[in-house]
Amino acid sequence: MAQDEALWVPGTDHAGIATQNVVERIIAKEGKSRFDLGRAAFLERVTEFVTETGGTILEQLRAIGSSCDWSRTAYTFSPQLSRAVREAFVRLHDDGLIYRGHRVIHWCPRCLTSLSDEEAEPHETHGKLYYVRYAAADGSDRSITVATTRPETIPGDVAVAVNPEDERYRDLVGTTVRLPVIGIEIPVIADAYVDPAFGTGALKITPAHDPNDFEVGRRHRLPTPVIIDQVGAVREVLDSKGRVPPELEGLDRFDARTRIADMLGQAGSLVKTEVHQNNVRHCYRCETVIEPRLSDQWFVKMKDLAEPALEAVRDGTIRIMPERWVAVYVNWLENIRDWNISRQLWWGHRIPVWYCDACGRKPIVSRDEISECPHCHGAVHQDEDVLDTWFSSWLWPLSTLGWPDESSADLKAFYPTDALVTAPEILFFWVARMIMAGYHFEGRAPFHTVYLTGTVRDMQHRKMSKSLGNGIDPLDVVARYGADALRYTVIAGMGMGADVMLDPDNLDQSFATGRNFVTKLWNIGRFLLLNVGDGDVQPLASIAKSRLTRADEWILDRLDAAIREADASLGPARPGDERWSERELTQGMRLSEYVESARRFVWNELADWYVEAAKLRVSTEGPDRDVARAVLVHVFDQALRLLHPVVPFVTEALWQRLPTRAANEYLARAAWPAPGESRARAPQFEIARSAVSAIRQIRAEYNVPPGKMVDAVVVGRDARAVGVLGEESDLIGRLARATITASTQGPTGAAAHALLPDGSEVVVLLAGLVDIEKECTRVSAELAQLEKQLASLEQRLANESFVSRAKPEVVEAERTKLGEWSTRREQLASKKRTLCAG
RNA sequence: GGUCGCGUAGCUCAGCUGGUUAGAGCGCUGGUCUCACAUACCAGAGGUCCGGGGUUCGAGUCCCUGCGCGACCACCA
C-alpha cells in the first residue's frame, strides 16, 4: 500500500527429528523400526506422511489471510534448496570452517542421534549426589571420596582429579586408587578444572561419558573406555574389557545407577548420598534424558562466522526488537561454541561426504554424487549421517531467492530483505545463524529488522502445546469468528514482545475484542452505504472548503491525527541510510498502538460522533447532503485503508462497495493514506461534543427517561464559545435530546449544572426535578478538587527552578491551564454560593 | 551461578527520551431493543502505579535496596 514492492515467501522446513519421530511412532504401531524397513523404504514412508500432513501450517497461514506469494512456496527439502545446502557445506569445508571432530556430544538414546547444544535442553532435576570412596591402591588405609550424580559411569572412570591448589589431596596426587567394586587401578591427577569447593573437591574422570571429563582426559592423555551403548545400556562397548561387572551388564543406565549404588553400599564404598538439584539435559523433541556420547561428528567452526553477525547488530545494520533481546544475542555470539551439524537420522540432507573403501584417503567432499574414488577409482560410500535441519533453514533468505545462482533476479531484487518476524526461542537456532550465513555467503545482512513476537499462552500462562491440549487451532477461530477477528485480537493484544493470553475453553471471550470490532466496522459500513445511496459521490477535493461544517472539519482532523499516529507507531520500513539511526533503532513496529489509533478513530470518533452528527444531513435532500456524503465516503475510505493490513477481508469487502471505487481496483493495492492540512474550526467542535456529554451526564444522573426532551442553557465562556454553541445548537440538541439555548449567562438555581473543559457551562433545566442539595454537593466537591489541583499548579509556576529549567512549551502549557482553571474556579465558587445558600 | 525482564483498574496489558487531572480491551454497576449495530448505545464505579530509600523544581517513568514472579544462558561433578 505504501507503493513499495513487498515479498513474503511462505514455506516450511522438513523438521528432521520431529518428523522422523512421528513416522517412527506410526511404524512402531505396525511393530516395525526404521531399521526393519531400511533407509529407502523408510524415507518413502516419511515423504508420504509429509505430503499428507505437511500442508497444514500453510493452510493455517493462508486461512488467516497472510499475504504471501504462494507461487514461491518454499521447502527446505526441495531440489532448489537442497542444492543450496550442498553448496553451503562444500564452501564452508573449502574455507576450512567445517571439520570432523571426535568428542563427547549430546546423544538421544531414543532418537539415536546426536543433538546440538541448543537442542539438548536443560531441565532442573532433583536427583542424588553419591559420595563414593576410592581406596588407595597401595593397600594403605588412605582413600579419596568423590561426589557424583552418575555412579553408573564408575566403570568408565580413568582417574580421580583434584584441584592442584587443594592442600587436602596434595599428597595423593601421583598415587593410584582402585575403582570400588571393579578394582581397576586409576591415577589421582591434578587439574585446575576441578572446583575444590564443590562436593569433596575430588572428581571422578569418565572421558567417554562427560564432555568436561573428556577435555580433562585429553589434557592428561588418558584412555577413553566406553561403557554405555547407543541405547543407553551399560556394557563393554569399546576399550573397556573387564570394566563392567556382570551384574550391570546390559542394564539400562538408570537401572544400573540404583544397582551399582546397592553394590557400592554392600562393598562399604558408599559414604553417603545427598539430595541434589541440578540441570539434566533432555532431548528437545522426545524429552529423553541426554546421554553424553563419544563419537565422530561434523562441526562448523563458529567464531569467524559470528564476528560479522555480532558487528551488524552492534553497529545498527540490523536492529533487534524488542531491544532487550540484543543483549541475549550478543552474549550468545560472544560465547559461541562450534555447531554440531551431523544427525544420525535418515530424514534430512545426507552429508555430501564420501569415503573411499579402497585407498582410504581423506574424505571426499563434493557438490555432486560420487560413484568412485577420484584417486584410485575404488568403491566409495557416502557418510551415513544427515545434516541438522537448521543447516538448511539458516540459508532461508538466500536459498528461497535463488542462491547460489548469483544471477537470480529474485536475489537481486529482494536481497537483503527487510524484516524477519519470529519467536524469541529460535533466536539462536535460526535468526543468528541466518545472519551469519548472510554475511558469509553473500557478504551482507539478510534483513535489517528482527522482530521477536510474544507467545500465545493459556490462562495459566502456559505455552500452548499438543501434550497439554491447551492449544487453539486458528482454523477453528477463523470458522467461528473469521480471520479478521483472530488477527485483530492478537495484534491488538500483543504489545511489542509481550505474550498474549487466550482461553482455549472460552473462545467467545478470548476473541471478543476482534469479533466485536469487526462487527462494528461492518455495521458502520452498512449504515454508510445505505445512507449515502446510489447517486454520484463527489470526491472530497472538489467540495469547496467553505461548505464543510464544523463536524466535517473535526472528523477530517481526527482522521489526520489517526494517520499520523499510525505512521508513527509503524515507523520506517527500512533504515534511512545503510544503518539504523540511534532513534530508528527503537522506533516503530508498535502494531498494537497502530491498531488502537485506527480503532479509536473508526469507533469512538467516526461511529460514535460523526456518523451520529451526519445522520440528519444525509437523509435530508439539499446541497449539504452531498457535502456530508462526500466527507463520509472519503473518511471511511481512508479508514479502511488504514485498517486493511489488520483486517484485510472485511475492509476489502466494504471497500469494494464504495461508490467512489473505480472498477477493478482493490483496496489491497490502494494507496496508504496521507494526512492533509490542518483545519481551523475542527477544535471548536470539541465544545459542542462536550456539551452533549454534559447534558447526557445530567440526564443519567437525574434518571430522565431517554425519550424525554429537556431544556438546556449552554453558557459559553466567551463570546466566541457562545457563537459556536449557538451555531451548533441544533446538533447538540439532537444528540442530547434537549432544546438548546446558547447564552452568556444562565440561571443558577433550579437547574443541574456541568462544566465543560474549556470553562463553558451547561445548565439543564429540569422543571421540578432538580435537587438543589445534590447540586450543591456536586459543585462543592468539584470546587474542592479544583482548588487542590490549582494549588499545586500555582506552586509549580511560582517555583523559579521549574520556570527556568523546564521546557518552554511545558511552562507555557501550564500557564494557559492556570488561566482556564482560575476562571472555572470563579464560576464554581459563585455557583456554590448560590446553590448552597439554598 | 551469570545475564536480562516483569510487578500499573477485578483480569490481560499500553504508558517510548521524567512534565496536563495515569489509559485501552475484557469484566462490573445503572439505564436503554433510539429506524447501522444489544457482538450495540448512554452514563458510571474501580488505581497508596509491589514495599522502602534516593536524585530532581517535578518520578508510574531515572538510581539504590527489599519482596514476589518469569525468561535466557552456564562444564560445578
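All values below were derived from every heavy atom in this structure, side-chain atoms included, with hydrogens, water molecules and symmetry-related copies excluded. Below, read A as the first sequence line, B as the second, and so on, with proteins coming before strands; counting in each chain starts at 1.
- In this structure, A:R324 and A:R515 both approach RNA chain B, and ranking their closest nucleotides by distance from the 5' end singles out A:R324.
- In this structure B:C57 sits in a base pair with B:G19, meeting the Watson-Crick or G-U test at under 3.5 Å.
- If you measure from atom CD of A:Q509 to atom C1' of B:U39, you get 13 Å, rounded to the nearest angstrom.
- In this entry B:A24 has B:U12 as its Watson-Crick or G-U wobble partner, both defining distances falling under 3.5 Å.
- Looking at which nucleotide of RNA chain B each of A:T200 and A:A607 is closest to, the 5′-most match is held by A:A607.
- With no hydrogens or angles considered, a side-chain donor-acceptor pair links A:T449 and A:R319 at under 3.5 Å.
- Rounded to whole Å, the separation between the P atoms of B:C37 and B:A22 comes to 37 Å.
- Closest heavy-atom contact between A:V803 and A:L797: CG2-O, 3.3 Å.
- Under the Watson-Crick or G-U wobble criterion, with both distances below 3.5 Å, B:C69 is paired with B:G5.
- Rounded to a whole angstrom, the distance from the P atom of B:C64 to that of B:G70 is 23 Å.
- Closest approach of A:R629 to A:D534, counting heavy atoms only: NH2-C, 4.5 Å.
- For the pair A:F517 CZ and B:G25 C1', the computed distance is 13 Å after rounding to whole Å.
- Summarising the geometry, the separation between CG on A:N212 and C1' on B:A77 is reported as 9 Å, rounded to the nearest angstrom.
- A:I290 and A:A120 get closest at one heavy-atom pair: CG1-CB, 4.0 Å.
- For RNA chain B, none of the residues of residues 157-166 of chain A falls under the heavy-atom distance limit of 4.0 Å.
- Comparing B:U65 with B:G2, their P atoms are spaced 13 Å from each other, to the whole Å.
- Taking atom C1' on both nucleotides, B:C69 is separated from B:C16 by 25 Å, rounded to a whole Å.
- Taking atom OH of A:Y702 as the reference point, atom P of B:G44 lies 15 Å away to the nearest angstrom.
- With both ends at atom P, the span from B:G19 to B:A59 equals 11 Å, rounded to whole Å.
- Remark: A:K817 NZ is packed, more than 12 non-hydrogen atoms of other residues, nucleotides or ligands lying under 6.0 Å away.
- B:C11 and B:G51 have their P atoms separated by 15 Å, given to the nearest Å.
- Nucleotides B:C63 and B:U55 have their P atoms positioned 15 Å apart, rounded to a whole Å.
- We find that NZ of A:K807 is positioned 8 Å from P of B:G18, with the value rounded to whole Å.
- With B:C57, B:A43, B:A77 as the choices, the nucleotide that has an atom nearest any side-chain atom of A:A700 turns out to be B:A43.
- By the 6.0 Å contact criterion, CD on A:E800 is open, its count of non-hydrogen atoms from other residues, nucleotides or ligands being 12 or less.
- Interface remark: the A:E612 side chain does form a donor-acceptor pair with the B:A36 base, using a distance-only criterion of under 3.5 Å.
- Side chains of A:N604 and A:R599: a donor on one and an acceptor on the other come within 3.5 Å.
- Judged by Watson-Crick or G-U wobble contacts below 3.5 Å, the nucleotide B:A45 has no partner.
- Rounded to whole Å, the separation between the C1' atoms of B:C72 and B:A40 comes to 46 Å.
- Ionic pairing of A:R150 and A:E291 is present here: one or more N-O contacts between side-chain nitrogen and carboxylate oxygen are shorter than 4.0 angstrom.
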